[in-house]
Chemist: 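Structure in structure tokens, see below.
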Amino acid sequence: MHDILSQQLTASQRKAVSHIEGPLLVLAGPGSGKTRVITYRIAALINSGVQPHNICAITFTNKAADEMRQRAVALGASAGAHISTFHSLCVRILRRYADNAGINPNFSIYDESDQARCVKQAVKDCELDATNFSPARMLEAISALKNNLVDVDRFKSSAEDFFSKTLAKIYAHYQHILAERNGLDFDDLLMKTAFLLQSYPDVCCQLADRFKFLLIDEYQDTNHAQYVIAKALASPHGNICATGDPDQSIYRWRGADIRNILDFENDWPDATIVKLEENFRSTANILELADNLISFNQNRKEKKLIPTKPSGKDVVVSVCEDEIEEAKTVALCVKELTDQGASLKDIAVFYRVNAMSRLLEEAFIRNKIPYQVVRGVEFYSRKEIRDVLAYLKVLVNPNDEIALLRIINTPARGIGKTTIDKVRDYAAKNRIGFLDAIKKAEHIDSLSKVTKTKLTGFVNMIEQFRMDLTGKVAPLAERVFVESGLAAVLKARGIKEQDALKNIKELIKGAAEYDERVVGTVHELLLLDYLQQISLFSDVDGYDTSSDRVALMTLHAAKGLEFENVFIVGVEDGLLPHAKTDAYNDENELEEERRLFFVGITRAKTGLFISYAKYRTIRGQMLRTIPSQFLFELGIDLTETGQGGKSQVAETDDLSDAAPHFTAGQRVRHKSFGTGRVKEFIDMGENSVVVVEFNTGQTKSLMVKYADLSTI
DNA sequence: CATAGCCGCCTTTTT
DNA sequence: GGCGGCTATG
């Protein structure tokens with residue numbers, strides 16, 4: 001079988017597949033058949049006698065893991081290889097070696113909103129002002145520390161200035177709160193695993209013995225913690241195969257360190273490097289644009305995209321009047337494509353921010369085009385779903401105060417804030433958990449008799465549910481939904497709540513599928529496993545590739561996918577690159593935004609449609625936009641009209657119209673105030689006002705027509 | 001203690 | 001322009 005497989009591969013691909021022992025780096029450009037190579041590699045390892053369960057492949061999303069598993073099996077490889085994301089792998093390791101890691105294996109995984117609550121509490125505990133130390137900013141800082149494996153102690157000892165010292169306090173409190181609730185956030189999963197592997201060489205050896213071959217996809221987007229984990233797991237045997245493309249690194253903001261892939265050769269001196277530069281996905285003209293664009297990045301290793309397909313359809317750049325027209329244009333183009341025989345599932349629309357999906361959805365609905373917004377997590381963040389899950393979480397992890405507080409009065413059962421405060425006080429005084437305090441409601445003198453009864457009723461219900469803990473998940477979820485009273489409340493409400501009911505049904509259906517999947521596996525706590533798994537659900541995981549609908553997603557979510565036809569909308573300054581990035585001061589941030597566009601473009605096989613709107617309503621205000629600089633970097637003559645060239649501009653744009661316009665983030669120079677950055681532009685025709693923060697520190701509002709600002 | 005209504009906040013990307 | 005949190009009222 002192996003030989004037959006090899007014949008379907010190019011020479012470089014074959015090299016990447018057949019190189020079995022020792023470190024291997026596969027530098028794979030977009031559309032180079034990287035996924036195919038990894039899958040074949042798994043099959044080849046198994047063919048050469050490696051036990052499937054000795055293989056550990058790490059993918060970027062659960063969806064990618066599922067697909068890889070299926071493909072490997074389709075190639076004839078027996079199932080049993082461990083294929084998952086870094087986070088899922090860490091959950092497994094942490095549960096198995098919980099004692100060594102110093103945690104309770106029944107931990108809850110805290111998502112962003114849970115984290116926000118905890119950090120808010122921490123800020124409050126430290127008696128700090130939430131405006132100066134906003135939870136979001138603190139969380140971001142803490143996340144960055146964790147990704148770099150800086151724990152509380154280390155950060156405390158290095159903190160010198162006021163801000164760092166304060167952050168250290170909040171960090172310490174935050175970790176304390178999580179520990180009390182037996183909760184781990186996403187970053188903890190990585191950090192705790194990395195520390196575990198560093199402190200316990202024997203654990204590390206056991207794992208290396210279990211996973212004798214390590215494969216890591218999308219290596220360019222690993223952060224420091226993931227890097228340490230990978231290195232520790234592979235060090236005993238050196239059988240590490242990393243694949244990735246530095247030009248597709250788009251998660252720097254999340255701690256991804258591009259040096260991990262650039263320095264692979266230094267980390268593993270005897271590494272074999274295989275480059276996959278041929279592109280089997282896109283037409284030559286699409287690749288040319290991508291190549292032009294990415295070559296504007298200075299901080300990169302030169303790499304050519306070698307097309308294997310001839311030039312195809314012209315790339316279309318559409319200039320629309322506003323965002324509504326843009327959405328309409330996309331919908332009409334989709335119709336045209338389907339009229340020509342394209343199927344909807346071969347079409348995708350990418351945008352920079354999730355908020356941009358709404359207008360597109362409306363346009364698709366109006367034009368009766370089936371679509372799906374690819375955002376898996378949103379399902380699990382719906383109120384009714386979170387409610388049911390909170391009940392389940394409390395059953396598994398009674399210390400999960402976040403979940404407990406959520407359900408104690410949901411549905412309303414007469415347990416209000418005052419009661420909760422009293423119970424909390426009691427818990428704190430007696431140094432017991434919140435749930436334990438409720439159990440002792442009888443002993444809390446400040447509570448009225450009625451309240452005590454209510455609390456005992458609640459505890460009894462929880463205890464009842466707990467009897468079912470070791471069984472299947474779906475029946476328990478259904479039971480909780482009904483007996484908690486949630487069902488009655490939803491059913492009593494109007495037609496609007498039918499959606500909620502449907503969602504719960506969907507949840508139970510999903511749980512039933514889980515039960516089905518794990519049938520036969522021995523688990524002391526299936527519910528725990530289920531909850532931890534769905535906590536790690538990602539955006540693309542909810543993407544249903546089998547249904548015939550247009551896919552709408554962010555450029556980030558598009559990573560690793562490919563489509564016959566791709567639309568990229570909103571290619572405007574302030575959106576791509578996004579104004580929230582520091583693209584105008586920090587070349588690295590600009591380059592990452594450029595890579596993001598590059599990733600989007602290189603998803604397209606034959607049809608590529610790029611668009612921007614001349615006016616866009618932001619925060620209720622319609623503003624004149626500036627086309628993204630990236631558009632010009634594509635190397636398309638944007639003034640060109642007609643069909644002759646390799647690209648076509650759908651509508652001509654009169655860029656030369658009226659007084660100059662500015663956008664936030666733009667750098668400008670003023671005769672007497674010097675250089676500064678535009679904070680805001682208020683479009684009032686010829687009386688437009690621009691607010692500029694000058695480098696001197698002062699902020700000025702200036703009338704554009706008098707100010708004589710020049711752009712830099 | 002529950003509910004409605006108001007104010008003020010934020011709005012990048014995600015495992 | 002949308003959501004969450006807070007307050008005033010029943």
Side-chain angles (χ1 to χ4, degrees), chain A residues 58-65 84-91 109-113 115-117 120 130-131 134-137 139-140 143 146-147 184-191 193 218 221-223 225-226 249-256 350-359 374-378 380-381 383 408-421 448 450-451 454 532-542 553-559 570 574-583 589 592-593 595-597 599-600 617-622 664-665:
Chain A
I58 298 172
T59 55
F60 201 72
T61 63
N62 291 299
K63 178 98 185 159
S84 77
T85 63
F86 258 110
H87 286 83
S88 298
L89 176 67
C90 290
V91 166
I109 297 171
Y110 277 9
D111 69 9
E112 231 173 277
S113 68
Q115 283 179 291
R117 275 166 208 269
K120 252 183 204 166
T131 47
S134 80
R137 279 196 60 187
L139 220 42
E140 202 180 317
S143 173
K146 288 184 179 179
N147 285 331
L184 299 183
D185 65 23
F186 289 129
D187 304 313
D188 280 333
L189 296 175
L190 301 176
M191 183 173 75
T193 306
E218 310 284 9
D221 277 321
T222 49
N223 62 30
Q226 290 166 325
S249 169
I250 53 175
Y251 284 93
R252 204 178 87 98
W253 53 276
R254 206 175 75 182
F350 304 150
Y351 35 80
R352 176 68 234 267
V353 296
N354 281 302
M356 292 171 72
S357 72
R358 260 195 43 199
L359 281 166
V374 178
R375 263 212 117 184
V377 280
E378 289 217 319
Y380 289 97
S381 51
K383 189 191 170 302
I408 191 163
N409 202 30
T410 308
R413 47 174 75 88
I415 304 173
K417 195 178 176 300
T418 336
T419 310
I420 289 168
D421 285 346
S448 72
V450 193
T451 314
K454 285 173 183 164
Q532 292 182 337
Q533 274 195 28
I534 62 168
S535 300
L536 296 177
F537 230 67
S538 74
D539 269 9
V540 265
D541 293 338
M553 66 188 88
T554 63
L555 285 160
H556 282 90
K559 171 177 169 145
L575 225 38
L576 188 70
H578 199 277
K580 275 273 168 177
T581 63
D582 204 13
E589 302 234 332
E592 174 140 319
E593 294 288 303
R595 287 194 293 269
L596 196 51
F597 193 27
V599 166
T617 306
I618 298 161
R619 263 210 229 116
Q621 267 214 323
M622 190 192 267

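All chains are named by letter (A, B, ...) in the order of the sequence lines, taking the proteins before the strands, and each is independently numbered beginning at 1. These numbers were taken from a predicted model, which means no experiment stands behind them.
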Chemist: Mind checking side-chain contact (heavy atoms from CB on, under 4.5 Å) for A:T85 and listing every partner two or more places apart, or none if nothing turns up?
Modeler: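 So A:T85 forms a side-chain contact (heavy atoms from CB on, under 4.5 Å) with A:T59, A:N62, A:H87, A:S88.
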Chemist: Looking only at side-chain N and O atoms, does A:T418 come under 4.0 Å of OP1 or OP2 in B:dC1?
Modeler: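 Yes.
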Chemist: To the nearest Å, how far apart are A:N147 CG and B:dT14 C1'?
Modeler: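 These atoms are roughly 11 Å apart.
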Chemist: Within the stacking criterion (centroid distance below 5.5 Å, interplanar angle below 30°), does A:W253 stack on B:dT13?
Modeler: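 A:W253 vs B:dT13: stacking yes.
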Chemist: List the residues meeting salt bridge (charged side-chain N to carboxylate O under 4.0 Å, His left out) with A:R117, not counting sequence neighbours, and say none if there are none.
Modeler: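 Once residues adjacent in sequence are excluded, A:R117 has no partner under the salt bridge (charged side-chain N to carboxylate O under 4.0 Å, His left out) criterion.
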Chemist: Output the rounded distance in Å from NZ (A:K383) to C1' (C:dG4).
Modeler: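 Whole-Å distance recorded here is 13 Å.
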Chemist: State which residues pass salt bridge (charged side-chain N to carboxylate O under 4.0 Å, His left out) with A:K146; sequence neighbours excluded, sorted by chain then number.
Modeler: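 Salt bridge (charged side-chain N to carboxylate O under 4.0 Å, His left out) check on A:K146 returns A:D185, A:D188.
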Chemist: Looking only at side-chain atoms of A:R352, point me to the closest of B:dT13, B:dT11, B:dT14.
Modeler: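 For A:R352, the side-chain atoms sit closest to B:dT13.
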Chemist: Suppose we screen for side-chain contact (heavy atoms from CB on, under 4.5 Å). Which residues come up paired with A:T418, at least two apart in sequence or across chains?
Modeler: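 With neighbours one apart ignored, the set is A:K422.
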Chemist: In whole angstrom, what separates A:M356's CE from B:dT13's P?
Modeler: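 After rounding, the reported distance stands at 11 Å.
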Chemist: Do any N or O atoms of the protein come closer than 3.5 Å to N or O atoms of nucleotides 2-7 of chain B, and which pairs are they?
Modeler:
from	atom 1	to	atom 2	distance (Å)
B:dA2	OP1	A:N409	ND2	3.3
B:dA2	OP1	A:G414	N	3.1
B:dA2	OP2	A:N409	ND2	3.2

Chemist: Under 4.0 Å, heavy atoms only, any strand: does A:R117 hit a base, just the sugar-phosphate, or nothing?
Modeler: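 No contact.
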Chemist: If I take atom CG in residue A:L139 and atom C1' in nucleotide B:dC10, what distance separates them, rounded to the nearest angstrom?
Modeler: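 It is 15 Å, rounded to the nearest whole Å.
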Chemist: When all nucleic acid strands are considered with a 4.0 Å heavy-atom cut-off, which category describes A:Y251: base, sugar-phosphate, or nothing?
Modeler: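 It contacts sugar-phosphate atoms only.
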Chemist: Let me spell it out: for each of A:T451 and A:A557, pick the nucleotide of DNA chain B with the closest heavy atom. Which residue's pick is nearer the 5' end?
Modeler: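 It is A:T451, whose closest nucleotide lies nearer the 5' terminus.
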Chemist: Are A:R595 and A:E592 close enough for a salt bridge, meaning some N to O gap below 4.0 Å?
Modeler: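 A salt bridge links A:R595 with A:E592.
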Chemist: Please report the distance, rounded to the nearest Å, between CZ in A:F350 and P in B:dT14.
Modeler: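 Between P of B:dT14 and CZ of A:F350: 13 Å.
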Chemist: Given 3.5 Å as the limit, does a donor-acceptor pair link the side chain of A:D541 with the main chain of A:F537, or not?
Modeler: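 No: the side chain of A:D541 does not pair with the backbone of A:F537.
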Chemist: Using whole Å, what does the distance between atom C1' of nucleotide B:dT12 and atom NZ of A:K580 come to?
Modeler: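 Atom-to-atom, A:K580 to B:dT12, this comes out as 8 Å.
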Chemist: Within the 4.0 Å heavy-atom criterion, would you say A:S88 contacts the bases, only the backbone, or no part of the nucleic acid?
Modeler: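 The answer is nothing, as A:S88 stays clear of every strand by at least 4.0 Å.
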Chemist: Tell me every residue that passes salt bridge (charged side-chain N to carboxylate O under 4.0 Å, His left out) with A:K559, counting only those two or more places apart in sequence or in another chain.
Modeler: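 Applying salt bridge (charged side-chain N to carboxylate O under 4.0 Å, His left out) to A:K559 gives A:E218, A:D221.
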Chemist: Can you find a side chain N or O atom of A:S538 that sits less than 4.0 Å from OP1 or OP2 on B:dT15?
Modeler: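 Looking at the OP1 and OP2 atoms of B:dT15, one of them is under 4.0 Å from a side-chain N or O of A:S538.
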Chemist: Would you please confirm or rule out a distance under 4.0 Å between OP1 or OP2 of B:dT13 and any side-chain N or O of A:N354?
Modeler: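 It does, given that an N or O in the side chain of A:N354 lies less than 4.0 Å from OP1 or OP2 of B:dT13.
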Chemist: Tell me whether the side-chain N/O atoms of A:T554 come closer than 4.0 Å to OP1 or OP2 in B:dT12.
Modeler: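 No, no such contact exists.
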Chemist: Between C1' on B:dT11 and NE2 on A:H578, what's the gap in Å once rounded to a whole number?
Modeler: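 Rounded to whole Å, this separation is 8 Å.
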Chemist: Do any side-chain nitrogens or oxygens of A:N223 fall under 4.0 Å of OP1 or OP2 in B:dT15?
Modeler: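 No.
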Chemist: So for A:H87 and B:dT15, does any side-chain atom that can act as donor or acceptor lie under 3.5 Å from a complementary atom in the base?
Modeler: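 Under the 3.5 Å cut-off, the side chain and the base do form a donor-acceptor pair.
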Chemist: In the structure I gave you, are the side-chain heavy atoms of A:Y110 and A:L184 within less than 4.5 Å of one another anywhere?
Modeler: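 SC-SC contact between A:Y110 and A:L184 ruled out.
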Chemist: In whole angstrom, what separates A:D221's CG from B:dT13's P?
Modeler: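 Nearest whole value for this atom pair: 17 Å.
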